[in-house]
K.L.:
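Below are the structure tokens for one structure; questions will follow.
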Amino acid sequence: MNKIIEIYKNSTRPTFSFEFFPPKTQEGEIKLKATVLELQKLNPAFVSVTYGAGGSTKDKTIELCETIQIDFHITTMCHYTCVGVGKEEIKNTLSVIQSKGIQNLIALRGDPPKGSGKFVPHPNGFKNATELIQFIKAKQFPFCLAGGCYPEKHPDSPTLNDDIQNLKKKVDAGAEFLITQLFFSNKKFYDFLEQTTKVGISVPIIPGIMPITSFSQIEKFKGLANCEIPNQFLQDLETLKYNVEEFLKKSLEFTILQCQDLLANGIKGIHFYTLNQSNATIEVMKHLI
Ligand SMILES: Cc1cc2nc3c(=O)[nH]c(=O)nc-3n(C[C@H](O)[C@H](O)[C@H](O)COP(=O)(O)OP(=O)(O)OC[C@H]3O[C@@H](n4cnc5c(N)ncnc54)[C@H](O)[C@@H]3O)c2cc1C
């Protein structure tokens, strides 16, 4: 299996990658395997598997990465967060991930459990992803490392500029490429790229895109302070929220245009937040390749 940074370096065309989460039920697992089978046909550069809040899916995340590599021959990237864990446990888990032949890791701080407010580091752990990456490097784990980034700033940062200064530290520590939080405003993304270039960040920054399939997802994003949804798009979806077919058509139209614009502006790849569904991503991809 490949190191993802080599894929970005060697690819002459933009790459596509897909994100999944570990299902909670057996039915969900069967459905996910069908989704991976469908999306495999699109020849993804890699797929990634999220790490449940507070490490709640640790074993499943690792197992799923391993299964996808063995059964589907797709390079995987394992998500990993250091919330609530100390150095010893982190080292043990990373050793397990390495032993499964997983070469790519997105190293994240993670969020505190829902409703518990501010992030509090484990007494023997790390305050942010940069410290986690420094640890991974110091312990000589050979992973290709990615980091998260936030075109509309991370909620804990007072300003976007502060956040970008911290992002530079994360890249200097060893993050070889970055994947963004989902966003709907390409303008914000391009402004972000400009600012990251100004501070000397030169690693690939891959937009994370989510095709919206239901109005409840929109309700969720509306609640997020750091995710602007263009007014017209929001109004269109609101009008169509009870018409499943038209809603999906309008929503995917937006995502297709958003991705076409990103590709026209020379990005190195798109990472799709699939929510374990294949149809919407396939529909969007039809218009991109
Ligand atoms: C692509 C992507 C995938 C994700 N996958 C998962 C997942 O699988 N599971 C999950 O639970 N969560 C996931 N998340 C969410 C993520 O865990 C949260 O957004 C979390 O709040 C921040 O993690 P981070 O690694 O991006 O943070 P960090 O890079 O650590 O940043 C967090 C905050 O600390 C600040 N900071 C960073 N470094 C420093 C420093 N040196 N000094 C001072 N301040 C600093 C930053 O500016 C920011 O405000 C993902 C996010 C992204 C973008």
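In listed order, ligands and their atoms are each counted from 1.
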K.L.:
Quick one: look up the protein heavy atom nearest atom 35 (C) of ligand 1 and list residue, atom name and how far away it is.
P.N.:
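Checked against all protein heavy atoms, atom 35 (C) of ligand 1 sits closest to Asn166 ND2, 3.7 Å.
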
K.L.:
To check your reading of the model: name the closest protein heavy atom to atom 30 (O) of ligand 1, its residue, and the distance in Å.
P.N.:
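Protein heavy atom at minimum distance: Ala129 N, 2.7 Å.
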
K.L.:
Looking only at distances, can you tell me whether any N or O atom of Gly148, backbone or side chain, sits closer than 3.5 Å to an N or O atom of ligand 1?
P.N.:
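No; the residue has no nitrogen or oxygen that sits under 3.5 Å from a nitrogen or oxygen of the ligand.
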
K.L.:
Phe20 vs Phe18 aromatic rings, parallel, tilted or perpendicular, using cut-offs 30° and 60°?
P.N.:
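The rings of Phe20 and Phe18 sit tilted, inter-plane angle from 30° to 60°.
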
K.L.:
With backbone taken as N, CA, C and O and side chain as the heavy atoms from C-beta onward, which portion of His271 lies under 4.0 Å from ligand 1: side chain, backbone, both, or neither?
P.N.:
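The answer is neither; His271 stays 4.0 Å or more away.
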
K.L.:
Does at least one non-hydrogen atom of Phe119 fall below 4.0 angstrom from an atom of ligand 1?
P.N.:
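Heavy atoms of Phe119 never come under 4.0 Å of ligand 1.
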
K.L.:
Any heavy atom of Gly208 closer to ligand 1 than 4.0 angstrom?
P.N.:
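The answer is no, since Gly208 has no heavy atom less than 4.0 Å from ligand 1.
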
K.L.:
So does Lys100 pair up with Glu63, basic N to acidic O under 4.0 Å?
P.N.:
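Looking at Lys100 and Glu63, the cut-off is not met.
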
K.L.:
For Asp156 and ligand 1, does the shortest N/O to N/O distance drop below 3.5 Å?
P.N.:
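So ligand 1 has no N or O lying under 3.5 Å from an N or O of Asp156.
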
K.L.:
Can the ring centroids of Phe184 and Phe221 be said to lie less than 6.0 angstrom from one another?
P.N.:
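Yes, they do, as the ring centres are separated by less than 6.0 Å.
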
K.L.:
Run the side-chain contact (heavy atoms from CB on, under 4.5 Å) check on Val85 and Phe126 step by step: do they pass?
P.N.:
CA-CA 8 Å; Val85 280; Phe126 303 117; over 6 Å; no

K.L.:
Just checking His271 against Phe46, ring centres under 6.0 Å apart?
P.N.:
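When the ring centroids of His271 and Phe46 are compared, they turn out to be within the sub-6.0 Å range.
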
K.L.:
I need the contact type for Arg109 against ligand 1. Using non-hydrogen atoms and a strict under-4.0 Å cut-off, is it side chain, backbone, both or neither?
P.N.:
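Within the 4.0 Å criterion, Arg109 contacts ligand 1 through backbone and side-chain atoms alike.
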
K.L.:
Could you tell me the residue and atom name of the protein heavy atom closest to atom 26 (O) of ligand 1, and the distance to it rounded to 0.1 Å?
P.N.:
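Checking every protein heavy atom, the shortest distance to atom 26 (O) of ligand 1 gives Tyr150 OH, 2.7 Å.
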
K.L.:
What residue and heavy atom of the protein are closest to atom 46 (C) of ligand 1, and at what distance?
P.N.:
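Minimum-distance protein heavy atom for atom 46 (C) of ligand 1 reads Asp163 OD1, 3.3 Å.
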
K.L.:
Tell me, do Leu263 and Ile270 make a side-chain contact under 4.5 Å, heavy atoms counted?
P.N.:
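Yes, close enough: below the 4.5 Å cut-off.
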
K.L.:
State if Tyr273 counts as touching ligand 1 under the rule of any non-hydrogen atom under 4.0 Å.
P.N.:
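The answer is yes: ligand 1 sits under 4.0 Å from a heavy atom of Tyr273.
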
K.L.:
Does ligand 1 come near enough to Asp162 that some N or O of the ligand is less than 3.5 Å from an N or O of the residue?
P.N.:
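N/O-N/O distance under 3.5 Å: no.
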
K.L.:
Checking a contact table here: which protein heavy atom is nearest atom 5 (N) of ligand 1, and how many Å away?
P.N.:
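Of every protein heavy atom, His79 ND1, 3.0 Å lies nearest to atom 5 (N) of ligand 1.
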
K.L.:
State whether the shortest distance between N or O atoms of Thr81 and N or O atoms of ligand 1 falls below 3.5 angstrom.
P.N.:
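No, since none of the N or O atoms of Thr81 sits under 3.5 Å from an N or O of ligand 1.
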
K.L.:
Any luck finding a side-chain donor-acceptor pair between Gln258 and Asn186 under 3.5 Å?
P.N.:
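Gln258 vs Asn186: donor-acceptor pair found between side chains.
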
K.L.:
Scan residues 258-285 for pairs that pass salt bridge (Lys or Arg N to Asp or Glu O under 4.0 Å), counting only residues two or more places apart or in two chains.
P.N.:
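For residues 258-285: Glu283-Lys286.
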
K.L.:
Return the closest protein heavy atom for atom 6 (C) of ligand 1 as residue, atom name and distance.
P.N.:
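Ranked first by proximity to atom 6 (C) of ligand 1 is Leu108 CD1, 3.5 Å.
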
K.L.:
Assess, by modelled atom type and distance only, whether the side chains of Asn231 and Gln235 contain a donor and an acceptor separated by less than 3.5 Å.
P.N.:
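Short answer, no.
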
K.L.:
Tell me, which protein residue and heavy-atom name are nearest atom 9 (N) of ligand 1, and how many Å apart are they?
P.N.:
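The answer is Tyr51 O, 2.6 Å.
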
